[in-house]
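Following: one structure in structure tokens, then a few remarks.
All heavy atoms count here, side chains included; hydrogens, waters and symmetry mates do not. Convention: sequence-line order gives letters A, B, ...; per-chain numbering from 1.
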Number of protein chains: 2
Amino acid sequence: MPTSGSGVNKPGAAAGHGRAAGVGKNKTRLTIADIAREVGVSPSAVSFALNGRPGVSEATRTRILQAAERMNWHPHSAARALGGAPAGAVGLVLARPTRTLGAEPFYAQLIYGMQSVLSARSVALLLQVVDDTEAELVVYRRWAGEQRVDGLLIVDPQTKDPRISVVEALGVPAVVLGGHGKHGELPTVWADDREAMLETVRYLAALGHTRIAHVAGTPAFQHTQRRIRALKDAAGQLGLAETQSVPTDFSDGEGAAVTRRLLSQPDAPTAIVYDSDLMAVAGLGVATEMGVRVPGALSIVSFDDSVLTRVVHPAITALSRDTHALGVQVAEALMRIVEEPGTVGDIKAATPRLTVRESTAKPGR
Amino acid sequence: MPTSGSGVNKPGAAAGHGRAAGVGKNKTRLTIADIAREVGVSPSAVSFALNGRPGVSEATRTRILQAAERMNWHPHSAARALGGAPAGAVGLVLARPTRTLGAEPFYAQLIYGMQSVLSARSVALLLQVVDDTEAELVVYRRWAGEQRVDGLLIVDPQTKDPRISVVEALGVPAVVLGGHGKHGELPTVWADDREAMLETVRYLAALGHTRIAHVAGTPAFQHTQRRIRALKDAAGQLGLAETQSVPTDFSDGEGAAVTRRLLSQPDAPTAIVYDSDLMAVAGLGVATEMGVRVPGALSIVSFDDSVLTRVVHPAITALSRDTHALGVQVAEALMRIVEEPGTVGDIKAATPRLTVRESTAKPGR
DNA sequence: CCCAGCTGCTTTAGCGCTTTAGTTGTTCGT
DNA sequence: ACGAACAACTAAAGCGCTAAAGCAGCTGGG
């Protein structure tokens, strides 16, 4: 039912209708007609002047601009959009189970980075948080139908991602954040997770670790798969026999539970790589609780960096990247594809670099 | 020729018209006119049917609704808005220094809670992150001028908050999150910070603490002031001589620095209350680093709760509240004030309750 | 048997802006 | 000196939708 809950709309309530000619002018919006009257020209002249198009003399243009400024006029976004202009907004949908959401500073930083590009162009960000991919698709369809957004950012690409084809079919320009390849025609901004994982494992191996575990994220995510594969490949190259990847749902609870299980094994790993900072911190907590000294008996690496990893003790070695800068890159790509579709290819963001802190050391007792 | 008056005006000339309408890709939006044509009625009949207003028979209404459904039609939000309908969006501006932003799960949870109300009504959330209050005002002015939002949520009210009067002047319905009183005519959703602080101090005093410190947030925030005052009052009532509040910028860095300073004093506090979970964790880190045992030699309480406090060791005693539920309350108030201005008064949210974990105990030696 | 009073539509107007097609008044080329 | 080219405007149409007004056809009270 496309119609049912149409926003805040409450047509019935408006029945009272005080538009009578009698009483003082009801609060009307300031329009270009007002400016036109003020300056003594036609509305179209005002439009020309405001949009920097030819058709008015410099003198008139200046007078119009000054009047608009003085009267504190702003274009009515709906009126512009109706004429075919872009909506002036891009959309971001976050599909995350409640618990984990918000624990990760990643999206907040990303959004902040995006804003520095968007707000410079006066483009708004429409944000929606939903429960699952199904709900996400509904939002995309609605936004597209309502012409609310000019572009979309799709995050956390999955291995078989239904969103790609839906968004492509809707014809809304979009950028995928997070993985290389397999996004239909949509360009992607991606970081080299594989290389990052390889670097991490090489480092741990160089320290002398052979039993390395990987507390992974949701297997449905492409980047999870890539990291798992990278670990396996690295293990092969370096001759590490006992590596393992354990999938989780990214929650601190599972991170803790898996860590407890790993550390209880007869041949417990001497190093654990966590796919998120929150899980790494939770893992550190478990180690402390079990009396496993970090980094003495266990080295810990987080695949994501943030205040979290710095604030705990010992501070956690992490793969850090400039999330703010990533947001800038993403937003720029998005603006580009909105303005000139087809001109944007895949963009490689900086590879996360290992920031060594206090949680990693030679394995020993 | 059902509707378009295209026959009236120089039919020949219309052929050469602007858009590449001539050949092939006729990428026109689906409009109610299309539905009207399909069903064999006028556009207004379609409008009536879709909006559930009288003026069409039930039979026709059904046919129209089915056609709309089948053709997957969605109302063009700009067209509706232009007619005077609400924009179908509410705005939230976060003014925060980069560093601290994102470290706090609070806003993510709040937004998630708001969405459960907003998305049920198909109202979008416009989010903007800015550097300071000045920039925030600019955004409000623009959004109001562009008629982009129907309502605003103002967070972190300050002691002398310039935003209140600006927003009131703009005439945009708004709700203030966070403090009681002094918001002009704007209603507020507030939690009883004072009571929460009193409860905390009473608890600590009951444990036997007399030297209690408070690592506060930014003094400009109303809630910071309220907490500082509450601590002072509690100290008076309970006869605690050496309490103190130290303002910070909410960052983990200052939280750590202040903690270090406090613990280095000759008569170091035996309990510290932190205004944010991030600072509490940072403080815990400093204590660990300085060899001050928690809770043995120092009790720690966080004024905000989240995964953060649970994930560290020892887990931190915190004032917890249901942020998601708060988001729901806020969004409901906002929707209400948008639809029926004047009917919303101040709303008191649940008082944060002390969740005792492992970081608090009797003061030790 | 006429018309007030419905019901169920259609027509028309208009929201604020952009855009295209005029319409002046000037200046220039020859 | 006279039309052409141009500059600087104005007029008007139209984007998709809602809402007020209009208008057929029917009903039923007098």
_On DNA chain C, does the nearest nucleotide to B/Arg63 precede the nearest nucleotide to B/Gly83 from the 5' side, or the other way round? Give the residue._
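Its nearest nucleotide lies further toward 5', so the answer is B/Arg63.
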
*Toward the 5' end of DNA chain C, by each residue's nearest nucleotide, B/Ser57 or B/Ala79*: B/Ser57

*Passes side-chain hydrogen bond (donor to acceptor under 3.5 Å, both in side chains), A/Ser77 versus B/Gln147? Steps please.*
CA-CA 7 Å; A/Ser77 59; B/Gln147 307 263 109; over 6 Å; no

*Give the C-alpha distance, both sets of side-chain angles, the deciding distance and a yes or no for side-chain contact (heavy atoms from CB on, under 4.5 Å) between B/Trp143 and B/Leu170.*
CA-CA 10 Å; B/Trp143 280 353; B/Leu170 289 172; over 6 Å; no

_Secondary-structure stems, DNA chain D, at least 3 Watson-Crick or G-U base pairs under 3.5 Å_ =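 DNA chain D stems, ordered by first number: C:1-30 with D:1-30.
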
*For A/Gly55, which contact category applies under a 4.0 Å heavy-atom criterion: base, sugar-phosphate, or nothing?*
base

*asked:* Over all strands shown, is A/Pro75 touching base, sugar-phosphate only, or nothing at heavy-atom distances under 4.0 angstrom?
replied: sugar-phosphate

Any [X] side-chain N or O less than 4.0 Å from OP1/OP2 of [N]:
X       : N      : answer
B/Thr31 : D/dG16 : no
A/Ser47 : C/dT18 : yes
B/Thr60 : C/dC9  : yes
A/Arg80 : C/dT18 : yes
B/Arg29 : D/dC15 : no

If you check the [X] side chain, which of [options] turns out closest?
X       : options                : value
A/Ala45 : D/dT18, C/dC15, D/dT10 : D/dT10
A/Trp73 : D/dT18, C/dC15, C/dC17 : C/dC17
A/Phe48 : D/dC17, D/dC15, C/dT19 : C/dT19
A/Arg53 : C/dT19, D/dC9, D/dT18  : C/dT19

_Could you tell me if the side chain of A/Leu94 sits less than 4.5 Å from the side chain of A/Glu136, heavy atoms only?_
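Result no, sub-4.5 Å side-chain heavy-atom pair not found.
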
_Quick check: do B/Asp34 and B/Met71 have side-chain heavy atoms less than 4.5 Å from each other?_
yes

Whole angstroms only, please: what is the [atom1]-[atom2] distance between [X] and [N]?
X        : N      : atom1 : atom2 : result
B/Glu58  : C/dC9  : CD    : C1'   : 15 Å
A/Ile64  : C/dC17 : CD1   : C1'   : 14 Å
A/Arg37  : C/dC17 : CZ    : C1'   : 15 Å
B/Gln147 : C/dC15 : CD    : P     : 14 Å
A/Leu82  : C/dC15 : CG    : P     : 13 Å
B/Asn51  : D/dG16 : CG    : C1'   : 13 Å
B/Ile35  : D/dG16 : CD1   : C1'   : 11 Å
B/His76  : D/dC15 : NE2   : C1'   : 8 Å

*asked:* Any donor-acceptor pair, under 3.5 Å, between the side chain of A/Ser44 and the base of D/dA11, if you only look at N and O atoms?
replied: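 Checked by distance alone, the answer is yes.
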
*Is it true that a side-chain atom of A/Gln115 and a backbone atom of B/Leu127 form a donor plus acceptor pair closer than 3.5 Å?*
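Yes; judged by distance alone, with no hydrogens or angles, the pair exists.
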
*Between the side chain of B/Arg163 and the main-chain N/O of B/Val155, is any donor-acceptor distance below 3.5 Å?*
yes

_Passing candidate, side chain to side chain contact (heavy atoms under 4.5 Å, CB included) with B/Leu177, options B/Thr188, B/Ile154, B/Leu92, B/Leu326_ =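 Result: among B/Thr188, B/Ile154, B/Leu92, B/Leu326, B/Leu326 is the only option passing the side chain to side chain contact (heavy atoms under 4.5 Å, CB included) with B/Leu177.
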
_side-chain contact (heavy atoms from CB on, under 4.5 Å) for B/Leu118 and B/Val90? Distances and angles first, verdict last._
CA-CA 9 Å; B/Leu118 299 181; B/Val90 295; 3.7 Å; yes

